[in-house]
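Below you'll find the structure, written out as C-alpha cells, and then a few comments.
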Number of protein chains: 2
Amino acid sequence: MTSHRKARLVDVARDAGVSPATVSRAMAQPSLLALETLTRVRDSARRLGYLTDGTARALASGRSMTIGAIVPTLDSTIFARVLQSFQSTLAREGYQLLVASHEMSLAAETEAVRVLLARGVDGLMLVGAERSQETLRLLATSDVRVVLTWVGAPDFAAVTVDNEAAGRLVAEHLISLGHRRIGMVVGHLAFNDRQRARLAGVRQAMDQAGLALPDALVSEQALTMAGGRAGCARLLDLAERPTAVIGGIDLFAIGSVQEAQARGLSVPGELSVAGIDDIEFSASMMPALTTVRIPTAQIGQVAASTLLAEIGGQGRGEHTRLPIELVVRRSTAPT
Amino acid sequence: MTSHRKARLVDVARDAGVSPATVSRAMAQPSLLALETLTRVRDSARRLGYLTDGTARALASGRSMTIGAIVPTLDSTIFARVLQSFQSTLAREGYQLLVASHEMSLAAETEAVRVLLARGVDGLMLVGAERSQETLRLLATSDVRVVLTWVGAPDFAAVTVDNEAAGRLVAEHLISLGHRRIGMVVGHLAFNDRQRARLAGVRQAMDQAGLALPDALVSEQALTMAGGRAGCARLLDLAERPTAVIGGIDLFAIGSVQEAQARGLSVPGELSVAGIDDIEFSASMMPALTTVRIPTAQIGQVAASTLLAEIGGQGRGEHTRLPIELVVRRSTAPT
DNA sequence: ATTTCTTATGATAGCGCTTTCATCGAAGGT
DNA sequence: ACCTTCGATGAAAGCGCTATCATAAGAAAT
C-alpha cells in the first residue's frame, strides 16, 4: 500500500537501481541474474507491491499463458469434473483457464472459438469432434494448439474414450443376461457425437446378436435426470415394453430406475437398467447401478498435459485413448 | 485464409483505405462512423479474417473484458451451476470468464487472487466472506470490482443466501416433528463460512427449543456423498443415536439416507433425514428429500449483473439476499 | 457572409512489458 | 600477455491497439 498508483516495471527498476530489462528478467527468467541483483529486485518488487501486468506481458511476448475451454455446459457433473482436473493441472504450470459454454449449439461454439482466439489463448480444449466449417477455418488460420476431448479427429491432438465400445459393453452385458428387447434413453443427437457413438455401440452389439433396436425403443431426451425419467416412461408405455433400459448417461439410468420404481416395477427384477459414466451417485444408489466407468478426472488431466506438450513444441497431435470398464452392480439381472 | 500472417488493425486500415483509428472505431464504436465507411471497413475485416487482438486492446484501453471467478472447486453441482449461469450472463455482455479453484485453501485463494489481478481482470467473483489479510490487501490496492457470493462482507457487493436461516429452517422443522435428538453432518468448517453458518443456524433453533447439540452429534466430513455416509455412520454408531440427521449439504443427506437404508433403518420411519441445497436429485430420490431450496442458478446470474453494474460505475456495493425456502418432502416424519 | 457547431476522420502518443542486440568486465585457453 | 568465451546487464525497438487532440467539411445560427 506504499504508493497509490499501481507500480509498474520501471518503478521497480528505478527503486532497485537497475534497468527495466533486468526487472523483466527477474520476474520471468531469474536464473539469468546474479543472485545479489535478483534479491535486490525482488525486495523492491515486494516493497512496491508490484504485480506483473499480464496484459502487457502477453502483448509483448506473444504468449498469454491462458488456455480456453469450450464445453457444452458447466452445469454437468461430467464436464465440471473434467474442467476441475484440467484447470488444476494447468494452474500448476502457470496457465489460467478461460471457460465458455455453448449449450449444445454449433453456432455458439463457433462464436466462442472466435472470442477465445481474439483473447489470444495459447491453447484450446474442445469437446467432441463435430465442428462447423467456420470453426475449422478459424482454428486453421490461427496458431492455437488444440486438444479435443471425448472424441478425436485427425488434425488435432485428442484425449478420448471409446464411446462406441461403452455402448457395446453395456449392451453385450444385457444381451448375455438374456435380454432381447432393450431400450435406450439417449441425449439429443444433434451436435453430440458422444451420444451418437454410444448409441451406435449399442446398435452394433444388438446387430451382432441378431437383435433389433427399432426407433421406438430409442428415446432422445435433454441431459437431465428428469429426461431419463421421461425417456424411460416413454419406453415403458410401449405395447411391447423392453426388459432392459440403457441410459446414454448415468443420469438417464438413474431417472429410469426412479421411473420404474415409481411405477412399482422392481429393478432389476422386472426391469434391468444400466448407464454409462459411473458418476459418484451410481455406486451408492439402490440398487447400485451397472454402468461403464469413464475416467473423467483423468480426461481433464491428460488433456491438460497433452495441450501443454503441444504448446511446448513437443508432441504432434497425439491421441490418447483412455480405458473404460464395465462395472456390473445390482441394477441388471437375467431376464 | 487469404494471407498467412495474422491480419492486424493496420492491414485492415490499409485495405479499406482508412486510418487505423477508423478501423478501431468500426470495431468498438460503430455508431461513430459514416455508414459507408463502416461497411467498407467491415468488408475488409471479413476478407482479411481480421480478429481484434484482445491483448493489445486490453493494454491500450485498460479494460480486459474478463472476469475472474475463484471457487472452492468446479467439481460440485452447486458451484458448477452458479458458474454456468454466471458465465452465460457475462458472455451476453461480452465478458469472458477466467476461473480458478482453491480446493478449500485460504492460501491458494490468495494466490489465485494475485494471479487473476495480474491478469488484469475487470471484476472478481469470490465465494464466502472469509479472506486472508493478504487477499484483502491485494483487493484494496487494485481497483477491481468484487462481488461476493453466498456470504457477504461490508466492503464488497454481494449476492447472498441466509445460510443460518437455512439451518434454522430444517432444524425447526425437525423439532416441530417432535425430534429431540438431532445430529448433523457438516463440511469441514475451516475456511467454509457457509457450512459454519448452517451449523450455527441449526444450533440456534435447538437452543431456542431448549435442546442440546453436543459435539458428538456433529460430524465434519469432506463434501461428498461418501462423506455423508461416513458421517451418518458415526452418528448411528453412537450409544444414544439421533432420531434425525441434518446434512449440511444435500449430498450429505443423500449419503445419510443410503447409510441408514444400508443398515436396514427405514427413512423416515426410523430416521428422519433432511438436507440443504435442493439439488436435482433430491426431489426424485426415494424417499424424496426434505431440504431447503437455495436458488443456485440465480446466485450466479445476479452476481454477474451486480458485478457488471459495479464495473459500469452504477451500484455501490449492493447486497442482494436471495430467498430460500423449506421444501418438505418424504424423508422426514414425526418421531 | 461570417461565426459557431457538428460530424466524420486522421495523426500519433502511449499502454507496460519482452526481447534482440550491444556492451563490458572477468574468466579461460594457449 | 592476447584472444576468445561467457555471464550479467543495459538500451531501445516494438507488440497491436485505443484514445486524445487536431482537422476538415458541412450544417446551422446570426
Side-chain angles (χ1 to χ4, degrees), chain A residues 3 5-42 44-45 48-66 94 115 117-122 142-143, chain B residues 3 5-42 44-45 48-66 94 115 117-122 142-143:
Chain A
S3 79
R5 297 197 47 63
K6 207 161 12 178
R8 291 152 314 152
L9 187 67
V10 283
D11 300 323
V12 178
R14 192 173 309 122
D15 186 89
V18 297
S19 75
T22 300
V23 180
S24 173
R25 292 188 185 105
M27 309 309 289
Q29 319 160 61
S31 63
L32 291 185
L33 296 191
L35 195 61
E36 190 221 354
T37 323
L38 184 57
T39 39
R40 191 146 38 91
V41 172
R42 285 191 167 158
S44 296
L48 301 180
Y50 173 70
L51 284 182
T52 301
D53 181 323
T55 303
R57 185 209 287 264
L59 180 59
S61 71
R63 290 168 324 114
S64 66
M65 296 302 280
T66 298
V115 170
L117 288 184
R119 280 297 199 286
V121 294
D122 296 334
S142 90
D143 51 354
Chain B
S3 80
R5 296 193 50 62
K6 210 168 357 184
R8 291 152 314 152
L9 187 74
V10 283
D11 301 323
V12 178
R14 193 173 307 122
D15 185 89
V18 297
S19 77
T22 300
V23 178
S24 174
R25 292 187 185 106
M27 310 309 288
Q29 320 160 61
S31 64
L32 290 185
L33 296 191
L35 195 62
E36 189 218 356
T37 322
L38 183 58
T39 39
R40 190 147 39 91
V41 172
R42 285 191 167 157
S44 297
L48 301 179
Y50 174 71
L51 284 182
T52 301
D53 181 322
T55 302
R57 187 209 284 265
L59 181 58
S61 70
R63 289 169 322 116
S64 65
M65 296 303 281
T66 297
V115 170
L117 287 185
R119 281 291 199 291
V121 295
D122 296 334
S142 89
D143 52 353

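Every chain is numbered from 1 and lettered A, B, ... according to where its sequence line falls, protein lines coming before strand lines.
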Applied to residues 7-20 of chain A, the salt bridge (Lys or Arg N to Asp or Glu O under 4.0 Å) test, sequence neighbours excluded, yields A:Arg8-A:Asp11, A:Asp11-A:Arg14, A:Asp15-A:Arg47

Spacing of [atom1] belonging to [X] relative to [atom2] belonging to [Y], to within rounding of 0.5 Å:
{"X": "A:Leu48", "Y": "A:Leu9", "atom1": "CG", "atom2": "CG", "result": "11.0 Å"}
{"X": "A:Arg25", "Y": "A:Thr37", "atom1": "CZ", "atom2": "OG1", "result": "11.0 Å"}
{"X": "B:Asp53", "Y": "A:Leu117", "atom1": "CG", "atom2": "CG", "result": "11.5 Å"}

Rounded interatomic separation in angstrom, taking CG from A:Leu32 and P from D:dG10 = 13 Å

Send over the distance from B:Arg119 CZ to C:dG16 C1', rounded to a whole Å.
-> 15 Å

For nucleotides 15-24 of chain D, read 5' to 3', which letter fits each nucleotide if B means a protein heavy atom sits under 4.0 Å from the base, S means only the sugar-phosphate is that close, and - means neither?
-> BBBBBB----

Mark yes or no for whether B:Arg40, through its side chain, and B:Ala16, through its backbone, hold a donor-acceptor pair below 3.5 Å.
-> yes

For the pair A:Thr55 (side chain) and B:Ala58 (backbone), establish whether a donor and an acceptor sit closer than 3.5 Å, ignoring hydrogens and angles.
-> no

Contacts of B:Ala45 meeting side chain to side chain contact (heavy atoms under 4.5 Å, CB included) (sequence neighbours excluded), chain-then-number -> B:Val12, B:Tyr50

Check against side-chain contact (heavy atoms from CB on, under 4.5 Å), B:Thr66 and A:Arg119 | CA-CA 9 Å; B:Thr66 297; A:Arg119 280 297 199 286; 3.5 Å; yes

List in chain and number order the residues that pass side chain to side chain donor-acceptor pair (under 3.5 Å) with B:Ser61, two or more places apart in sequence or in another chain; answer none if no residue qualifies.
-> none

Identify, residue by residue, the members of residues 34-41 of chain B with a heavy atom below 4.0 Å from DNA chain C, and return them in order of residue number, or none.
-> B:Ala34, B:Thr37

Check whether any side-chain heavy atom of B:Pro20 lies under 4.5 Å from a side-chain heavy atom of B:Val23, and answer yes or no.
-> no

What does the inter-axis angle of the helix from C:dA1-D:dT30 to C:dT30-D:dA1 come out as, five pairs per end, nearest 10 degrees?
-> 30°

